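To keep things clear, I will list the structure first and then write my remarks on it.
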Number of protein chains: 2
Amino acid sequence: MVARMPDSTSPRKGRPGRPRSAEADRAILDATRAALVDVGWGKLTMGEVAARAGVAKTTLYRRWANKNELVVDAVAVLFDELELPDRGCLKADIEGVVLQFGALLARPETKTALMAVVAESTTDDALRERIRSAIVDRQKRLVVLGRERAQQRGELPPDSPGTEGALAAGQAIGLIFDVIAGAIIHRTLVSSEPVDPAWAQNFATLLLTGLVGLG
Amino acid sequence: MVARMPDSTSPRKGRPGRPRSAEADRAILDATRAALVDVGWGKLTMGEVAARAGVAKTTLYRRWANKNELVVDAVAVLFDELELPDRGCLKADIEGVVLQFGALLARPETKTALMAVVAESTTDDALRERIRSAIVDRQKRLVVLGRERAQQRGELPPDSPGTEGALAAGQAIGLIFDVIAGAIIHRTLVSSEPVDPAWAQNFATLLLTGLVGLG
DNA sequence: CTCTTACGCTACGACCCGTAGCGTAACTGG
DNA sequence: CCAGTTACGCTACGGGTCGTAGCGTAAGAG
């Protein structure tokens, strides 16, 4: 395998020759998302993306080695829309981010692409790293921020490195992230039911008070 | 589209003609799982499955319309291994089933196939129904059983249809199932970290006592 | 024994993949 | 202004997979 462009985001400034077309980049990623909505992952072809983007097929292969990496980049930017506005208390913060994430996953291009590349990543280490750095790790910031806010409000105990039975902060963040993201993904994609305000409220209650609090 | 065999499980008894070979059925499903381990979902081809199973490619298409449905059936049986032995208390029951589900998802044929068919199901209603009936709904029994046991032990309040703010039993079961299955799937496939006893214990603690209990 | 269905095999057109080669376009440094 | 370098669009290609059709044969039902 010849060394290929690792990613399309590096500007490669100061280099001689004709520069990459930023418009082509954008057109390709837009076309990828649009095609995902129409035909889904399985029938998505590089040729069709190129045609939609008004670009030669070879131009795609100069930037991405295969369909997987292209789709990861096409979808990753959508996740940066997520925010965590301060709604006053931990429960409201949780409900807010759950609804945002739910709305993002409700979009057809997101749901069909995310699970597909995750599936491919189980037999492709490079792809798994790309997903982790481009999507997952970037969104853990929401958990970190929400946790810090709750600790400042006194809703959660502060980090206690020496306490018996306490969890290291990093482990706790990873656990919480898996629970929140996993539950939303599972409800949306597997159970195929909506993440609406009522569900978000029930989920936040469960997360805060545990199973007993569900009533 | 000509009417095709809806599934391969119906024995179609009392029908004239040569019956379907049960050995072929088994050989195909085994070959599918084996091939998934070796080449993953993306490079899995009907031709290779047929060759591994010692069967003509046309025989596959007489039973399954496409790769998706074949893989759903090949993987579905694995989920029936899950059990819920009575370990005395709710926390231990949760940890037990979490570890079982984690071990199941750690198997390469499971992880690579489950997410792939879920991804395809976002643009294929029939496939989504097949997944729901063959996999998801069958496993909700574990949540129902564990909940009933905990209620009999007095660890959880009984179903209270009229109580203010209480959740209907069906909604609670769906919520709990999404949280448990989603968290395990997310940790295994997205975070790609193991579901080991320590994690299972932390997760069970979170589920029982809520975020505050994490310390 | 006949009817019906399943099986293995071969062949096929259609489609997509990923790459090579070409002429042209765009930008850099002397 | 002029090489040098890189990107682009286009065409063409071998290789692989898809899903189907057609055939002769195998195996139960009545």
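The structure presented is a predicted model; accordingly, all values stated were derived computationally and were not measured. We name chains A, B, ... by the order of the sequence lines, and we start the count at 1 in each one.
Residues that satisfy the salt bridge (charged side-chain N to carboxylate O under 4.0 Å, His left out) test with A:Lys67, not counting sequence neighbours, are absent from this structure. A:Phe177 pairs by the ring pair (Phe, Tyr, Trp, His ring centres under 6.0 Å) definition with B:His186, not counting sequence neighbours. Every residue meeting the salt bridge (charged side-chain N to carboxylate O under 4.0 Å, His left out) condition with A:Arg132, not counting sequence neighbours, appears here in chain and number order: A:Glu129. B:Val98 pairs by the side-chain contact (heavy atoms from CB on, under 4.5 Å) definition with B:Ile94, B:Ile180, B:Ile184, B:Val195, B:Trp199, B:Ala200, B:Phe203, not counting sequence neighbours.
A 6.0 Å sphere centred on CD of A:Glu23 holds no more than 12 heavy atoms belonging to other residues, nucleotides or ligands. A 6.0 Å sphere centred on CD of A:Glu81 holds more than 12 heavy atoms belonging to other residues, nucleotides or ligands.
Between B:Arg63 and C:dT5 there is no side-chain polar atom (N or O) within less than 4.0 angstrom of OP1 or OP2. Under 4.0 angstrom from either OP1 or OP2 of C:dA6 there lies at least one side-chain N or O belonging to B:Arg20. Distances shorter than 4.0 Å separate none of the side-chain N or O atoms of B:Arg18 from OP1 or OP2 on C:dC3.
A donor and an acceptor atom never sit less than 3.5 Å apart when one is taken from the side chain of A:Arg62 and the other from the base of D:dA7. With hydrogens and angles ignored, no donor-acceptor pair under 3.5 angstrom links the side chain of A:Thr58 to the base of D:dC8.
Of all nucleotides listed (C:dG8, C:dT28, D:dA26), C:dT28 comes nearest to the side chain of A:Pro16. Of the candidate nucleotides D:dA7, C:dC17, D:dG28, D:dA7 has the atom nearest to the side chain of A:Arg15.
Salt bridge annotation for A:Asp73-A:Arg130: present, with a cationic side-chain nitrogen under 4.0 angstrom from a carboxylate oxygen. The pair A:Arg147-A:Asp159 meets the salt-bridge criterion, with a side-chain N (NZ, NE, NH1 or NH2) lying under 4.0 Å from an Asp/Glu carboxylate O.
Side-chain atoms of A:Gln151 and A:Arg149 include no donor-acceptor pair closer than 3.5 Å.
From one end of the helix from C:dC1-D:dG30 to C:dG30-D:dC1 to the other, with five pairs defining each end axis, the axis direction shifts by 20° (rounded to 10°).
Here the P atom of nucleotide C:dC16 and the CG atom of A:Asn68 are 18 Å apart, to the nearest Å. If you take OH of B:Tyr61 and P of D:dT17, they are 11 Å apart, rounded to a whole angstrom. A straight line from CD of B:Glu23 to C1' of C:dC7 spans 13 Å, rounded to a whole angstrom. One interatomic measurement links the two molecules: CD1 of B:Ile28 to C1' of C:dG8, which rounds to 12 Å at whole-angstrom precision. Taking atom NZ of residue A:Lys67 and atom P of nucleotide C:dG18, one finds them 9 Å apart after rounding to whole Å. Taking atom CG on B:Leu60 and atom P on C:dC7, their separation rounds to 10 Å, with Å as the unit.
Residues from residues 42-51 of chain A that place a heavy atom under 4.0 Å from any atom of DNA chain D: there are none.
Both B:Gly17 and B:Lys57 lie near DNA chain D, and the one whose nearest nucleotide falls closer to the 5' end is B:Lys57.
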